[in-house]
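These figures come from a predicted structure and were not determined experimentally. Computed over heavy atoms, backbone and side chain alike; hydrogens, waters and symmetry mates excluded.
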Amino acid sequence: MKLTYLFIATLFSTAAFAQTQKDSLKEIEQVNILIKKKLLERKADRLIFNVDASIASQGMDAGETLANVPMLKVDENLGTISITGKSSVNVMVNGRMLNLSGTALLNYLKSIRSENISKIEVITTPPSKYEAQGNSGLINIILKKNPNLGFSGNISSGLTQRTYHNGSTNGTLNYQTEKFSLSLKTAYIEGAKRTDERFTILGASKNYSQSIRKDMWQDLAPSLNASYKINKNSEVGFEYIFGGDKNGMNILNTTRNISSDLKETNLLTNTFHREKSPTHTFSAYYDLKLDSLGKKLSLAGNFYKNNNDTEVNFSTLTLPENTVQDVKTLSEVKPQIFSVQADLELPFSFGMIETGVKFNQFRNSADLKYLNLENNQYIIDEEKGSQFEYQEENYAVYGSFAKNFGEHWETKAGIRYENTSVKSTVNNFNYGQWFPSAFVSYKNEKNVFSFSYSRRINRPSMSNLNPFRWYENPYSYSTGNPLLTPSYINNLELGYTFNNKFSASIYYLKLKNAFGQIANLTEKSQIGGYLNYYNNDSYGINASYTDTFFKFWEATVTLNATIQTSEVFGIEAVAQKGNSFNYSINNTFMLNKKRTISLFLNYDQSLPNDNVNTHIHNFSNLNSGFKFSLMEKQLQINATVTNIFAQRFRGDMFFKDNSQYFNNYWDGRSLRLSVNYTFGNNKKQIQKKNIKFEEVDRVN
């Protein structure tokens, strides 16, 4: 935390130099006012949110900015980013997929400032150019053009107080010439939170479990990005990202088990979990313009490597036997990804043709050792350990054609073929699939209508597949399933946008062969595992309206309603017809004429809803805070209170032979203070190349 306080001091000491840039910033601001962007734009295959046009999105980080985008929901309790009414989506920055999920993803987004974001694309039905992997779509955060000529940069620091304090510090330094671009970025995050998870299974046997957990994390993540324009037609560049994650958990679990013969057993388990997970990501590209008409060839390669070492020690007191079991697990997980691709853009007078090929290889080696403490020595238990080798190769080819008919009609259609070969310790198999997509839109002065369709695949992640066991106590554990197979998604959507303020869509989503985690209880043993077990049909509507009232109040209202029908297989459960309804109201009030002080008050609520065999209880969330913009908006100070109601996340799952209940709180209520200072030259801007690496999200 000393580093955090040092950076805060640096922010205020550096602020004295800002006056020299005051005049140039005023000129830029005047130009921005004259060329005010539309808030919402609907294209044939995506909805675009222009960040500069939103008052509420100024002076924020990327995670907070995403929460302002209509139809997007950022849930820090669950660590998810989703399209309301649909499942979680994958997040890209400049077309490059992030290899992060949950809290790690949200922490990374805190390092990106809204001032550096040009627009956010919500792609609910991705075209064939993108990987077919993913549940219900993509979010693409498009950053502004590369920093200006000369030196520029950004320093930010933040403190968050939950049960425990958290700190983050981010710094960026850029250097730009007419041909050469260099960007060095580093982020340091350190913190902890308290988690209270309660899980109950009631059947022939009964199991009551509660875990009080302290989650701790520490991450130093530097990155280096460079590009060079060889001549007017060609450019080469690379990006290297290092992640030095160190995570830990201290867990106190109490479990009360009542067997079918009414024998009661009580378990008290103390667990100490420590994990080191250094990651290396390297990407390189070469772009070549083939002619003056815009024909372009792009070549790219990516490499990702992670060496995850985890040690877990737990000690369990069993009553009434009054015995103690001391256990240690040691695991090494080493995923590795390599990919190469070539993309060709061919604009002609009759339309745009895009085509390309891609190869990626996903490899993983996992080794878990389970050791019992006997006579002051740890002895390996071969039956409870596991080793798992996995290799997946994917060959893809795609083609698409886009054409505009006059000023009003925009069309695009494409198809992608992916052939996948899987070899693992457990089984080997091959499969090939076609993934078509089609889009059409019509627009006039204030109205935009669109229709889109795409087919996608959701392959299991490494944690879903890996059969090693995460033990809660000597009898209860969760594990992956190497026999999982992919699920497939068909998505149809009819969209409408009016006056760049109102947006609505009616959609149908068909999910086949979906997988999830299922818990089973056999006497004292509670075992959680992944299964393919349901199909789902969803019909829904999204709607949002954003406007400014009385020149000082910007408000966004969104709502979503869905109806779902499901069928289950492979488990003893009865699927019920589901429904859901949720809404949100985001308000930003400008408190002075210079629009440098603002108050925001945001509320969202999800009414009780059902899906497959699960019932989720009502959940509401209220956030509020102040934002201050000083020194011609170079200095931003935010103070925020989140989850004021301190809501718990509750749900019920129903099976033929038991009922299961969860009641969790993830330390959502917090007080946050963040400070951000931007410095540097404000001369001519030069565009920065976007690097894509879309496979790494499956590592987690």
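At a cut-off of 3.5 Å, with distance as the only test, a side-chain donor of S606 or K73 sits close to an acceptor on the other residue. Between the side chains of N306 and T279, no donor N or O sits under 3.5 Å from an acceptor N or O. Between H615 and D610, the side chains place a donor N or O and an acceptor N or O closer than 3.5 Å (distance only, hydrogens not considered). Between the side chains of S580 and T562, at least one donor N or O lies within less than 3.5 Å of an accepting N or O. For the residue pair N535 / E567, a side-chain donor-acceptor distance below 3.5 Å is found, with atom types taken as modelled. Defined by atom type and a distance below 3.5 Å, a donor-acceptor pair is missing between the side-chain atoms of N513 and S487. Between the side chains of D196 and Q210, a donor-acceptor pair is found at a separation under 3.5 Å. A donor atom on one side chain and an acceptor atom on the other are found under 3.5 Å apart for N250 and R274. No side-chain donor-acceptor contact under 3.5 Å links N663 and H617.
The distance from atom OG1 of T310 to atom CG of N308, rounded to the nearest 0.5 Å, is 4.0 Å. Interatomic distance, OH of Y508 versus CG of N490, reported as 7.5 Å (0.5 Å rounding). Atom CG of N623 and atom CG of D604 lie 7.0 Å apart (nearest 0.5 Å). Residue L521 holds its CG atom at 9.5 Å from CG of D657, rounded to the nearest 0.5 Å. Note that the CG atom of L66 and the CD1 atom of I139 stand 5.5 Å from one another [nearest 0.5 Å]. Considering CE of M249 and CH2 of W217, their distance stands at 11.5 Å, rounded to 0.5 Å.
Checked against a 6.0 Å centroid threshold, the rings of Y395 and F359 count as neighbours. You'll find the ring centres of F515 and Y534 outside the 6.0 Å limit.
Counting heavy-atom neighbours within 6.0 Å of K305 NZ, excluding the residue itself, gives a total of 12 or less. Counting heavy atoms of neighbouring residues, nucleotides and ligands inside a 6.0 Å radius, atom CD1 of I563 does not exceed 12 of them. Heavy-atom neighbours of E321 CD from other residues, nucleotides or ligands within 6.0 Å: above the threshold of 12.
In terms of modelled atom types and a separation under 3.5 Å, the side chain of E393 and the main chain of F362 share no donor-acceptor contact. Looking only at distances, no side-chain donor or acceptor of N611 sits under 3.5 Å from a matching main-chain atom of T614. A donor-acceptor contact shorter than 3.5 Å links the side chain of N428 to the backbone of S424. In this structure, the side chain of T125 does not engage the main chain of N491 through any donor-acceptor pair within 3.5 Å. Under the 3.5 Å distance criterion, the side-chain polar atoms of N253 are left unmatched by any main-chain donor or acceptor of S209. N481 contributes a side-chain N or O that, together with a main-chain N or O of Y530, makes up a donor-acceptor pair within less than 3.5 Å. Between the side chain of R416 and the backbone N or O of S128 there is at least one donor-acceptor pair closer than 3.5 Å. A donor-acceptor pair is defined here as one N or O able to donate and one able to accept, closer than 3.5 Å; such a pair exists between the side chain of N664 and the backbone of R198.
Remark: E264 engages R256 in a salt bridge, criterion side-chain N to carboxylate O under 4.0 Å. One finds no salt bridge joining R162 and D667 here, because no Lys/Arg side-chain nitrogen approaches an Asp/Glu carboxylate oxygen to under 4.0 Å. Using a 4.0 Å cut-off between charged side-chain N and carboxylate O, K423 and E392 make no salt bridge. Using a 4.0 Å cut-off between a side-chain N of Lys or Arg and a carboxylate O of Asp or Glu, R456 and E131 do not qualify as a salt bridge.
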Please lay out, stage by stage, how D45 and Y130 fare under the test side-chain hydrogen bond (donor to acceptor under 3.5 Å, both in side chains).
CA-CA 12 Å; D45 58 353; Y130 295 101; over 6 Å; no
I would like to know whether Y370 and Y471 meet ring pair (Phe, Tyr, Trp, His ring centres under 6.0 Å); could you show each step before the answer?
CA-CA 10 Å; Y370 185 102; Y471 282 88; 4.8 Å; yes
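The side chain to side chain contact (heavy atoms under 4.5 Å, CB included) check on I506 picks up I541, with sequence neighbours excluded. Applying the salt bridge (Lys or Arg N to Asp or Glu O under 4.0 Å) test to D215 and every residue at least two apart in sequence or in another chain returns R213.
Of the candidates L484, T485, N464, N394, N394 is the only one forming a side-chain contact (heavy atoms from CB on, under 4.5 Å) with R459.
Annotation: ring pair (Phe, Tyr, Trp, His ring centres under 6.0 Å) contacts involving residues 256-275, sequence neighbours excluded, comprise H273-W470.
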